[in-house]
Amino acid sequence: MALRVYNTMSARKEDFSPVEPGKVRLYVCGITAYDYCHIGHARANIVFDVISRYFGWLGYDVNYVRNFTDIDDKIINRANELGVDSRELAEKFMLAFEEDMQALNCDTPTFQPKATENVSQIIELIQGLIGKGLAYESGGDVYYAVTEFSEYLKLSKRNMDEMIAGARIAPGEQKKNPMDFALWKAAKPGEPQWESPWGPGRPGWHIECSAMSMRYLGESIDIHGGGKDLIFPHHENEIAQSEGATGKPFARYWMHNGFVNVDQEKMSKSLGNFFTVREILEKYDPEVLRFFVLSVHYRSPIDFSEKNLEDARHGLIRFYEALKAIEELPAPDLGTGKVAVPISGDDEKAWEPAAKALENFRGAMNDDINTALALGNLFEAVRAVNRVIAEKKVEENTEWLKRLKTIHGQMLEAGGVLGLFQSPAEAWLNRMKISGLEEAGLSAEKIEAFIEERKNARQAKDFARADAIRDELAEKGIILLDSPQGTTWKKK
RNA sequence: GGCCCCGUCGCCAAGUGGUAAGGCAGAGGUCUGCAAAACCUCCAUCACCCGUUCGAAUCGGGUCGGGGCCUCCA
C-alpha cells in the first residue's frame, strides 16, 4: 500500500509522490521567538518530527527545514515591554525552544535558518515581485498586491470580496487594497533594521518562509507543514509570494496539524489555561506527553487534561512492561534444556499481531500518518507478547524466545519512528516509580522497609498486619506485587 | 455574515461503502493466605430523521448539539 497524505489544498488524501524520486523536501513553519513554547508548539513539532522520521524510515532522503522567526512585531513589542534588546530576547527563546525540542525527543531538522540571516534573499525576492508587478512600495513599506495574483485564497478557499469587507488597515499603512500584506516594513526608531532599496526596514512576517524555503529546498517543495491556524493568512501569502515569484507550484502537499484544547476549551492566554512545555515537563515525563500527542490523529483536535495524560502514562507503562518482560528472558541460543517446540495453529493466530507488527505499523502510517491506529496495532502486539509469556514455558523454547526477541526489536524500530520506547525499559519504569514519591511522604527505602516488615508478618501468618501495610501503601498510590521471587512495588 | 470541522462504549480514541481497532475504567475467571500485577472471557450498531445502495458509522438531504478560522497564533 502506498503512502497517502491529506492535502489541505485538495481537501483529500492523495498518494504521495515527491518532486524528485527518493527525496523529500519538507518545510515546517517554526516559532516566533518571543516566548516559551507551549503544548500547541509541542504538538506541531512532534507531529512533523514523526512525519520526517517516517519518510526516513521508508528510505527517503529527507531535507527537513524549520525556520526561526527572529525578527517580528511581537518580538520587538515584547522586548520593549521588558526593556531588553530584541535580538537577545529572540536568542533566549530560540535556545529555550531547542532545549524543549530535545526534551521531547524531536530530531534536529536538517536546517534551522533564521529570518535575520536571510535578509538579502528576502530583499531579492521582494525585488522580483515588484518587477513582476505583484508588489509595490508605499511610504517605505512594500506590499503584496493580492488582486494581482489570481489564485489568491486557493488554499484557504475564502472569498476575496468578503475578506476585503472584513479586513482592517492598521494606522500608518498605505495599502492599495485592505487585503494587501506587508513584505517589507519601514524601520521605526530603535528597531532592528537593514538597508534596502526602499530605505531602512525589516522583513514582513510571511516573506521569510518563501525566501528560506527557496534557498534551502528549491522553488518547488514536497510538503509544507504547520498548524491549522497558519492556513490563512500565512500559508496563503507564502503561496502568493513563491508562486508569484517563480511561476512554479510551491508545495505539492500542505499538511496541517489540529489544535490542542485544554479541558475541552480552546487554549488561550485570556482563559488562563495556557501551558508551556516546561510547565508540563515539571509534572510529566516527556515521553508520556509525546505518547499522548501521538495517540490522536494529527489532524484532529486533541484535548489536554490531567485524566488524558494519566491514561497516556498508563498506556506507555504497558509498553515498557512488555519490553522489560522480554528483556528479562534468556537469549534463545544459550543454556541447555531448550527445545524448538513447533507452534500450533491456534498459537500462530494469537501471535499474528506480533508477527505482522511492522507490516501493520506501516499500513497505519501509510494512511495519512495515522499514529493513533499505529499505536493501537502495537498494543495488540503487546497483548500477544504478554499472552505468550504468561501461557508458554518460553524459557525452554528457542522458537518462542527467538520470536519474542524479534518482536522486541521491531517494537523498538517502530518506536524509533514515533520517537518512543527508546529508553532502557527497566530504567524508565524505575524513573516512573520514584517520581512523585516525595509528595506522598515516601521514598524507595521506606517502601522497602514496609515490604520487609510485611514479609515478616506474612511468615508469621499475621495477615491482618500484612494487609494493613499493603492498604496503607495503596492509599499513597503504591501497589505491591507478590511473586515467587519476592515482593516488588509500583506506582498506581 | 462567510468558510470549515466534529458528534463512535463510563472516559480517551481508530475506523470514509461490506457488517464497529486499541487504551483507561468496569464485571467474571486463572493465580494468590487474601489481594495486586499478568493472562483469559465479557462489555457499543456509531446524536436524530429521511433518502441512495444488495449492503452505510462511512454517501446525499434535513434536524439538533459542539467547535474552529475569518486579527497575532502551532
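When reading the values below, keep in mind they use all heavy atoms of this one structure, side chains included, and skip hydrogens, waters and symmetry mates. Just so it is clear: chains get the letters A, B, ... in the order the sequence lines come, proteins before strands, and each one is counted from 1.
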Taking atom P in both B/G22 and B/U32, what distance in whole Å separates the two? 29 Å
Review item, nucleotides 57-60 of chain B N/O atoms under 3.5 Å of protein N/O:
none

By the 4.0 Å heavy-atom rule, please label A/His256 as base, sugar-phosphate, or nothing. nothing
For a quick check, with a 4.0 angstrom heavy-atom cut-off, what is the B/S/- contact string for nucleotides 17-33 of chain B, read 5' to 3'? ----BSBS--------B
Can you check nucleotides 1-7 of chain B for protein contacts, nitrogen or oxygen pairs under 3.5 Å, and list what you find?
| residue | atom | partner | partner atom | Å |
| --- | --- | --- | --- | --- |
| B/G2 | O2' | A/Glu162 | OE1 | 2.6 |
| B/G2 | N2 | A/Arg158 | NH1 | 3.4 |

Can you list the residues that meet the side chain to side chain contact (heavy atoms under 4.5 Å, CB included) rule with A/Gln459, with sequence neighbours excluded? A/Lys455, A/Asn456
Take the angle between the ring planes of A/Trp428 and A/Tyr320 and call it parallel below 30°, perpendicular above 60°, tilted in between. parallel
Determine the Euclidean distance between corresponding C1' atoms of B/G18 and B/G55; express it in Å to zero decimal places. 6 Å
In whole Å, what separates the P atom of B/G7 from that of B/C48? 13 Å
Between side-chain atoms of residues 97-106 of chain A and protein atoms elsewhere (two or more places apart, or another chain), which donor-acceptor pairs fall under 3.5 Å?
| residue | atom | partner | partner atom | Å |
| --- | --- | --- | --- | --- |
| A/Glu98 | OE1 | A/Gln112 | NE2 | 3.1 |
| A/Glu99 | OE1 | A/Arg278 | NH2 | 2.9 |
| A/Asp100 | OD1 | A/Arg278 | NE | 3.2 |
| A/Asp100 | OD1 | A/Arg278 | NH2 | 3.4 |

Report which part of the nucleic acid A/Leu230 touches: base, sugar-phosphate, or nothing (heavy-atom distance under 4.0 Å, all strands). sugar-phosphate
When we call it a touch if two heavy atoms are under 4.0 Å apart, what does A/Asn386 touch: a base, just sugar-phosphate, or nothing? sugar-phosphate
Indicate, with a heavy-atom threshold strictly under 4.0 Å, whether A/Ser300 touches base, sugar-phosphate, or nothing. sugar-phosphate
Centroid separation under 6.0 Å, is that true for the rings of A/Phe16 and A/Phe55? yes
Residues two or more places apart in sequence or in another chain: which of them pass side chain to side chain donor-acceptor pair (under 3.5 Å) with A/Lys92? none
